[in-house]
Amino acid sequence: MAKTVLILGDQLSFDYISSLGTNPTEDTVLMVEDWSLVERKPYHRKKIALIWSAMRHFRDALETRGYTVVYRTNTSIISCIAELRQPTVCVEPREQDIRVLLVAQGVTFKPDPYWFVSPSAFSEWMSTRKQPRLEQYYRMVRMQTGILMDGEKPVGDVWNFDKENRKPFPKNHQAILQPCFAPDETTLDVLAIVATIPNLTGDLDNFTEAVTRDAALERLRWFVDYALADFGRYEDAMSSRDMYGFHSILSPALNLSLLSPEECIDAAVEAYAANMAPLASVEAFVRQILGWREYMFHLYEWLGSESWNEQNALGATEPLPDFYWTGKTTMNCLSITITDTLRSGYAHHIIRLMVQGNFALLLGVNPTEIRDWFWAAFLDAYDWVVTPNVIGMSQAADNGLTATKPYAASGAYISRMSDYCKGCTYQPKEFAGDKACPFTTLYWDFLIRHENTSLAKTRLSTNYLALRGKTPTDRAAIVERRDMLKHLLQTHQL
Ligand code: FAD
Ligand code: SF4
């Protein structure tokens with residue numbers, strides 16, 4: 001019996017077409033540029049352009065291979081499903097609200113072939129432990145898949161090279177050239193449409209994203225050949241002259257399913273076998289994809305989107321400062337990185353966690369407000385990945401579910417790992433007075449605010465040892481400077 005095969009905007013893979021048993025002579029593939037989804041949030045302009053252009057290129061690839069595609073623009077998925085009047089199948093959507101929407105239309109789902117561990121297997125694993133931890137999950141998946149394993153042991157006898165992977169860039173660091181993909185006619189058409197949509201974030205200029213599988217494979221090849229060897233060592237390094245470092249910039253393609261996680265991991269492991277990259281780098285990259293990426297998805301699934309939205313373990317209620325939407329702030333690190341993100345839709349992990357997210361955590365911003373900024377500002381942001389990363393990992397609003405301790409750091413960390421502080425009005429080591437770095441003041445204030453909670457006794461106990469060295473006068477100066485910073489924020493002077 002003929003069926004409709006629904007391919008969502010983040011399911012652009014022939015592996016999905018196969019796993020849905022699509023018959024090119026009988027079935028209709030349905031793809032929809034759904035405007036109601038675009039209107040949900042003020043997404044980055046380049047993200048909408050990326051998704052629609054990648055969808056149109058995937059439609060063309062399907063038609064070249066003989067599939068019948070119904071491709072609709074400026075309408076809703078729901079009305080198209082109703083119009084086709086056939087049983088509709090789809091790979092299980094990663095986003096929970098889309099799943100609910102489609103179930104209500106009678107759409108049936110097949111499992112997503114791109115997860116190494118199924119959601120039910122993850123729930124089973126969770127039922128055997130008090131507290132989930134990435135490291136245990138990651139080891140379990142490595143043992144199950146045999147990736148970077150030497151029998152029962154990890155290759156090189158070490159599971160985790162984190163300690164070797166925390167170097168700042170050397171003084172003479174130079175950015176490496178990134179691959180760019182000039183927009184073709186299809187992309188130019190999409191860019192013209194997106195330019196007419198009001199109330200989106202960021203700009204559309206210089207759009208050079210990978211919108212086809214071939215381009216995504218080229219980016220993967222580029223990463224393995226030119227960046228992987230240094231990926232581990234400089235994973236945490238930040239620079240005002242190089243926003244990418246040796247990161248892969250593969251998340252937009254991975255999250256659209258233009259690439260499978262398995263082929264990215266295989267490419268890195270093959271590079272190690274060919275002596276092109278050290279184990280510390282290859283293991284670090286494998287951990288990001290096999291570990292963190294999957295783990296975040298499973299935590300999102302396991303807790304459920306609604307429960308994630310209710311998480312606010314630290315009672316954070318401050319509004320998000322306006323400068324997140326403009327990049328206009330006197331703090332050099334935030335000014336540089338937010339401006340870069342609004343322009344490109346990208347920042348690497350440590351910038352997201354230790355600069356953009358850290359400031360909101362220290363200030364006590366409401367977790368869903370900062371989550372919505374990350375969702376709007378990035379090309380790779382989807383509920384399943386942005387929500388656990390922001391509400392859990394970055395804002396520690398989940399009571400320790402995602403990370404052992406909050407990623408709270410003062411200006412000293414940013415000064416050690418970047419060159420941002422050199423051009424800044426503030427002094428990273430000072431916590432009081434007009435020149436005090438806002439991160440540093442707010443870091444101590446964060447510790448003082450949560451002094452009588454379990455954070456002080458357990459997860460941040462070593463940070464609290466340092467707080468003991470602060471005299472009552474120091475503490476009063478921290479609180480005074482904190483109040484001044486809030487005033488400066490309210491009056492747009494910070
Ligand atoms: P690389 O550093 O080259 O890493 C390789 C790949 O590993 C990435 O492409 C990504 O697919 C995966 N990965 C690594 N860490 C994570 C993680 N914590 N969660 C999921 N995947 C991971 N990632 C997104 O894909 N979308 C988001 O919206 C997103 N929001 C984030 C918000 C915050 C506050 C934080 C701290 C992290 C967020 N991440 C998000 C995770 C991570 O920062 C990005 O995946 C990564 O920076 C993408 O750049 P890259 O491809 O160059 O990554
Ligand atoms: Fe950022 Fe503080 Fe450094 Fe300025 S001094 S760049 S505000 S960390």
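In this chain, residues are counted from 1 in sequence order. Order of appearance sets the numbers: ligands from 1, and atoms from 1 within every ligand.
Counting heavy atoms under 4.0 Å from ligand 1, residue Phe223 does not touch it at all. At a 4.0 Å heavy-atom cut-off, ligand 1 touches Ser394 through the side chain alone. Proximity of Leu254 to ligand 1, defined as any heavy-atom pair under 4.0 Å, is confined to the side chain (atoms from C-beta onward). By the criterion of a heavy-atom distance under 4.0 Å, the side chain of Met296, and not its backbone, is placed next to ligand 1.
In this structure, of Asn389, Ile391, Thr402, Ile249, the residue bringing a heavy atom nearest to atom 38 (C) of ligand 1 is Asn389. For atom 9 (O) of ligand 1, the choice among Ala381, Ser251, Ala377, Ala347 with the nearest heavy atom turns out to be Ser251. Closest to atom 7 (O) of ligand 1 by heavy atom, among Gln356, Gln395, Gln288, is Gln288. When the heavy atoms of Tyr346, Tyr295, Tyr244 are ranked by distance to atom 52 (O) of ligand 1, first place goes to Tyr346. Which of Val386, Asp383, Ile289, Val385 comes nearest to atom 23 (N) of ligand 1 through a heavy atom is settled by distance: it is Val385.
Assignment of Phe285 to the shell around ligand 1 is supported, since a heavy atom sits closer than 4.0 Å. Phe374 counts as a contact of ligand 1, since one of its heavy atoms falls under 4.0 Å from the ligand.
Under the 6.0 Å cut-off for aromatic ring centres, Trp52 and Trp35 qualify, their centroids lying closer than that. Ring-centre distance between Trp115 and Phe297: below the 6.0 Å cut-off. The ring of Phe181 has its center no closer than 6.0 angstrom to the ring center of Phe207. Ring centers of Trp373 and Tyr324: under 6.0 Å apart, within the cut-off. Within the 6.0 Å centre-distance limit, the rings of Tyr16 and Tyr114 are counted as a close aromatic pair. Between His44 and Phe378, the gap from one ring centroid to the other reaches at least 6.0 Å. Proximity of the aromatic rings of Phe439 and Phe359 is defined here by a centroid distance below 6.0 angstrom, and this criterion is met.
A cation-pi arrangement is not found for Lys46 relative to Tyr346, the charged atom failing to lie both closer than 6.0 Å to the ring centre and inside a 45° cone about the ring normal.
Between His247 and ligand 1, a contact under 3.5 Å exists for at least one N or O pair. Checked against a 3.5 angstrom limit, the closest N/O atoms of His348 and ligand 1 fall outside it.
No hydrogens or angles considered: a donor-acceptor pair under 3.5 Å links the side chains of Thr491 and Gln493. Between the side chains of Gln288 and Glu235, at least one donor N or O sits under 3.5 Å from an acceptor N or O.
For ligand 2 and Met331, the ligand atoms under 4.0 Å from any heavy atom of the residue are 7 (S). In the vicinity of Phe231, heavy-atom distances shorter than 4.0 Å reach the ligand 1 atoms 1 (P), 2 (O), 3 (O). The atoms of ligand 1 that sit less than 4.0 Å from any heavy atom of Trp292 are 15 (N), 16 (C), 17 (C), 18 (N). Interface of Tyr420 with ligand 2, defined as ligand atoms under 4.0 Å from a residue heavy atom, comprises 6 (S). With ligand atoms numbered from 1 in the order given, ligand 1 contributes 32 (C), 34 (C) to contacts under 4.0 Å with heavy atoms of Val390. The ligand atoms of ligand 1 that sit less than 4.0 angstrom from a heavy atom of Leu353 are 36 (C). Less than 4.0 angstrom separates some heavy atom of Cys424 from each of these atoms of ligand 2: 4 (Fe), 5 (S), 6 (S), 7 (S). Interface atoms of ligand 1 facing Leu250, defined by a heavy-atom separation under 4.0 Å, are 9 (O), 51 (O). Interface atoms of ligand 1 facing Asn255, defined by a heavy-atom separation under 4.0 Å, are 24 (C), 25 (O), 26 (N).
Electrostatic pairing of Asp162 and Arg287 counts as a salt bridge here, judged by a charged N lying under 4.0 Å from a carboxylate O. Between Glu263 and Arg213 there is a salt bridge, since at least one side-chain N of the basic residue sits less than 4.0 Å from a carboxylate O of the acidic one. A salt bridge does not link Asp419 with Lys422: none of the charged nitrogens is closer than 4.0 Å to a carboxylate oxygen. Using a 4.0 Å cut-off between charged nitrogen and carboxylate oxygen, Glu318 and Lys486 count as a salt-bridge pair.
In this structure, the protein non-hydrogen atom closest to atom 5 (S) of ligand 2 is Tyr426 O, 3.5 Å. Of all protein heavy atoms, the one closest to atom 2 (Fe) of ligand 2 is Cys437 SG, 2.3 Å. Ranking the protein heavy atoms by distance from atom 53 (O) of ligand 1 puts Ser248 OG, 3.9 Å first. Here the protein heavy atom with the shortest distance to atom 27 (C) of ligand 1 is Asp380 OD1, 3.3 Å. Closest protein heavy atom to atom 47 (O) of ligand 1: His349 N, 3.3 Å. Scanning the protein heavy atoms around atom 29 (C) of ligand 1, the nearest turns out to be Arg352 NH1, 3.2 Å.
Ring-plane geometry between His247 and Phe231 is classed as perpendicular, the angle between the planes exceeding 60 degrees on a 0 to 90 degree scale with a lower cut at 30. Under the 30°/60° scheme for interplanar angles, the aromatic rings of Tyr137 and Tyr295 are found to be tilted.
Between Asp236 and Arg166, the closest heavy-atom pair is OD2-CG, 3.6 Å.
Taking 2.8 Å as the criterion, Cys421 counts as a coordinating residue of atom 3 (Fe) of ligand 2, since one of its N, O or S atoms falls below it. Coordination check, Cys333 versus atom 2 (Fe) of ligand 2: failed, since every N/O/S atom of the residue sits at 2.8 Å or beyond.
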